[in-house]
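Structure, as structure tokens:
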Amino acid sequence: MTKSPTSSKGITSVRLKRFTLLLTAAGLMATAVPMVSATSAVAAPAGGYLSQKPDWQRCSPDQPAAFECATLKVPLDYQRPDGQMIDLAVSRIKTTDQAKRHGALLLIPGGPGGDGLDGPLVEDNSLPRDVREQYDLIGFDPRGVGKSSPITCGLTGEERNFQRPYRPETFDSDVAWAKTVAEKCQAKAGDVLPYITTRNEARDIDTIRGVLGEQKLSALGRSYGTYVGAVYSQMFADRTDRFVLDSGVDPARVWRGMQQVWAEQSVPDFDRWTKWAAEHNAEFGLGDSAKAVSDTFWALVERADKEPIKFNGRGWPPEVTGDDIRRNARGYAYYPQFFTELFSALKAASEGKPLPSGGEAEKLQKALTNHDQSAPAAPGASELPADNGTAVWWSVVCGDTDTWPRDPGQYAKDAARDKKTYPLFGDVSSNIKPCAFWHEPVEQATPMDKEAKNVLIVQNEWDPQTPLTSGQGLHKALKGSRMVTVAGGEGHIAYMQDSCAAASVNKYLATGELPSEDGTCKNPSAANEPKPVPNGPNRY
């Protein structure tokens, strides 16, 4: 959740394979994407939206023939099912073994604002055979995203930047920014925004289930998709089959609290990093104790505040300020070796020295540079507004709940307080957001009061986007669920086939058998753990 919110991808062999698949799937955007507005109403399908039949077609001539796409019509407002309809783009790859078919496995993307139409193409190549052959894999772009009647607020690049450190002298401009974003969103899509919410995404998912003719639905939800899955499990408990929720959003903290948890967790993460760097002082020279490393860090922050550092580190601005160092450290300190090497390079740059050769920092920069140069532009991508993901982000986080303060002064007070308590990121997470000026939500957040005995939660211990405490909060909210924690696991997304969590997930998806109790596992090596993307992932 820098520029606008962007999804995270790690730089390991597994993540690079996923990245390649995602690039390949870009052919899905081959046609122009119409924008949704209140004046472009579409009549409901004859016989009601649940009676429609998907017209499955090959997604793209550049993709496998088995990868099919269709467009459904769903109500903008489910309280008015005969009113305005919007597009919902869906995709699938059917199992090739109908005799072993258990049902449909819906892939719920992260975000808010992340697309998911390419999900089946990705998972078809990663799920183990005994799981894969039991399911039709179903993907979709959530409402307002990608090919599902995308929305825009018409925001500039600077207006999409919401990681704004709190300073008394700049707070008035922060308030003006937040108000401008809210006003531009209202002007561009005000009749649509109230219905771009998690509860309506859950209703869209149930529409997909009904149109597919499934009595129950299984799902794999990652990151923000865990909250969508949790809401679905409460709204449609009797239709929830095998649900796996990976890297959990805490329902008790949506949504301001989910930003503030980043600041809270930055403290133990920073302490872990300083200890690691101190243990490797002979190699990096940052200090021979955790305190000495911390002193080195804050001295560089203070220096960069006075005189920005010229640094060619990919993902950093050309001139790095103290605020830039603090904000990036929040997401990078989860990976001690990586951040030690990166911080050492930054420190060297501040002293006029060249970037050290070798190491994780340089490898990551080269990998991303190669991808940037080789990645083809998605056909038709120019048709999608640059702020589409950001517009959906604010629609959901502001429109899901009425718990956002309306008094700008409250944000200033909270940010000043949290900057002292959580100096890396506290002021950024608690500073004013457009939600202070947003419309009142049309619905309250979903209460978590039903049993969720069909839900398995998996969680890395050191997750930069949905920290362990967040995953534990999701587990607590979903009564009867089971949770597997990857002790020492680094990175956002726990369920990968080289993770120890995979055994429990694969068994559950293949047999419907949950672990008898909560458990903890440990990967044999951290060598293949994902590394962060520069600028840090900004969505869940």
Side-chain angles (χ1 to χ4, degrees), residues 7 9 14-31 52-72 87-110 114-142 145-148 204-222 225 228-229 232 241-244 246 378-379 493 495-497 502 505-506 508-512:
S7 299
K9 302 285 190 294
V14 174
R15 291 292 176 89
L16 289 176
K17 291 177 183 178
R18 288 178 62 87
F19 183 85
T20 302
L21 289 168
L22 291 171
L23 289 179
T24 305
L28 294 173
M29 298 297 295
T31 57
Q52 61 189 307
K53 302 296 182 184
D55 181 19
W56 295 107
Q57 302 288 337
R58 188 173 183 171
C59 291
S60 165
D62 299 327
Q63 304 299 339
F67 188 35
E68 299 177 306
C69 292
T71 300
L72 306 180
D87 289 343
L88 190 68
V90 296
S91 61
R92 74 176 182 184
I93 299 180
K94 299 177 69 175
T95 175
T96 57
D97 193 338
Q98 289 296 317
K100 294 182 179 179
R101 185 183 185 276
H102 173 75
L105 180 67
L106 186 80
L107 308 169
I108 311 176
D115 57 33
L117 207 58
D118 58 357
L121 189 66
V122 174
E123 298 301 339
D124 187 47
N125 289 272
S126 61
L127 291 173
R129 181 176 178 180
D130 62 334
V131 173
R132 174 65 195 90
E133 62 190 7
Q134 292 194 42
Y135 296 96
D136 295 343
L137 302 180
I138 309 298
F140 70 109
D141 280 351
V145 177
K147 296 187 75 173
S148 292
D204 289 342
I205 289 173
D206 200 57
T207 296
I208 294 173
R209 177 205 58 77
V211 169
L212 292 177
E214 302 290 336
Q215 294 299 311
K216 289 189 175 184
L217 192 65
S218 295
L220 171 58
R222 289 187 163 109
V228 178
Y232 184 91
D241 196 4
R242 303 170 185 175
F243 267 48
V244 176
D246 179 356
I493 302 306
Y495 175 47
M496 304 181 75
Q497 293 307 320
V505 174
N506 293 340
Y508 179 48
L509 289 176
T511 68

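Computed from heavy atoms alone, side chains included, the values below leave out hydrogens, waters and symmetry copies.
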TODO: Report the C-alpha distance between Ile93 and Arg132 in whole Å, list the side-chain angles of each, state the deciding distance to 0.1 Å, and finish with yes or no for side chain to side chain contact (heavy atoms under 4.5 Å, CB included).
DONE: CA-CA 10 Å; Ile93 299 180; Arg132 174 65 195 90; 3.2 Å; yes
If every non-hydrogen atom of [X] is compared with every non-hydrogen atom of [Y], which pair is closest and at what distance?
X: Pro120; Y: Leu137; value: CG-O, 3.6 Å
X: Ala70; Y: Trp56; value: CB-CE3, 3.7 Å
X: Gly116; Y: Pro142; value: N-CD, 4.4 Å
X: Leu106; Y: Ile205; value: CD2-CG2, 3.4 Å
X: Leu117; Y: Ala89; value: CD1-O, 3.4 Å
X: Tyr495; Y: Pro128; value: OH-CD, 4.2 Å

Okay, side chain of [X], backbone of [Y]: is any donor-acceptor separation there less than 3.5 Å?
X: Ser218; Y: Asp241; answer: no
X: Ser148; Y: Asp141; answer: yes
X: Arg58; Y: Gln63; answer: yes
X: Tyr135; Y: Leu509; answer: yes
X: Glu214; Y: Arg209; answer: no
X: Asp246; Y: Ile493; answer: no
X: Arg222; Y: Gly110; answer: no

Task: Intermediate values then yes/no, side chain to side chain contact (heavy atoms under 4.5 Å, CB included), Val211 and Gln52 - done: CA-CA 7 Å; Val211 169; Gln52 61 189 307; 4.0 Å; yes
Between [atom1] on residue [X] and [atom2] on residue [Y], distance to nearest 0.5 Å:
X: Asp118; Y: Glu123; atom1: CG; atom2: CD; value: 9.5 Å
X: Asp124; Y: Thr96; atom1: CG; atom2: OG1; value: 8.5 Å
X: Leu105; Y: Leu220; atom1: CG; atom2: CG; value: 6.0 Å
X: Leu212; Y: Leu217; atom1: CG; atom2: CG; value: 8.0 Å
X: Gln497; Y: Leu127; atom1: CD; atom2: CG; value: 6.5 Å

Open item on the list: Check the orientation of Tyr232 and Phe243. Use parallel for under 30°, tilted for 30 to 60°, and perpendicular for over 60°.
Closed with: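 The rings of Tyr232 and Phe243 lie parallel, inter-plane angle below 30°.
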TODO: Evaluate whether atom CD of Gln98 has more than 12 neighbouring non-hydrogen atoms of other residues, nucleotides or ligands under 6.0 angstrom away.
DONE: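 Atom CD in Gln98 is packed in, count exceeds 12.
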TODO: Please tell me if the side chains of Pro54 and Leu72 come closer than 4.5 Å, counting only heavy atoms from C-beta onward.
DONE: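 The answer is yes, as the side chains (C-beta and beyond) meet within the 4.5 Å cut-off.
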TODO: Before giving the answer on side chain to side chain contact (heavy atoms under 4.5 Å, CB included), spell out for Asp87 and Lys147 the whole-Å C-alpha distance, their side-chain angles and the decisive distance to 0.1 Å.
DONE: CA-CA 8 Å; Asp87 289 343; Lys147 296 187 75 173; over 6 Å; no
